[in-house]
Amino acid sequence: MPDRPRETPSLEALNDAIRCLYARAGEQRRPLTADEQRIYQVLVAAWTEAVQDDQELAA
């Protein structure tokens, strides 16, 4: 399988995914699991990258 450049999801999609993690845990009245925390960290890193890319495009 050839390597393709990774597409960064939109800021809105990343925001929605982050909110979904917390909403799911909140509905169940529990903290994020270890797996959810790892997913959260990846989502936040991708969100930060997308914000930086967006700012570079605007400059």
**Study point:** Any Arg30 side-chain heavy atom under 4.5 Å of Glu36 side chain
**Key:** yes
Exercise for review: With the side chain counted from C-beta on, respond yes when Arg38 and Val42 share a heavy-atom pair under 4.5 Å apart, and no when they do not.
Suggested key: no
Working to the nearest 0.5 angstrom, can you tell me the gap between [X] [atom1] and [Y] [atom2]?
| X | Y | atom1 | atom2 | value |
| --- | --- | --- | --- | --- |
| Ile39 | Gln37 | CD1 | CD | 10.5 Å |
| Asp16 | Leu43 | CG | CG | 11.0 Å |
| Leu21 | Ile18 | CG | CD1 | 8.0 Å |
| Leu14 | Arg19 | CG | CZ | 11.5 Å |
| Glu27 | Arg24 | CD | CZ | 9.0 Å |

Review point. For Pro9 and Ala50, which heavy atoms make the closest approach, and how far apart are they?
Key: O-CB, 4.2 Å
Check your understanding: Do other residues, nucleotides or ligands put more than 12 heavy atoms under 6.0 Å from the CD atom of Glu12?
Key -> no
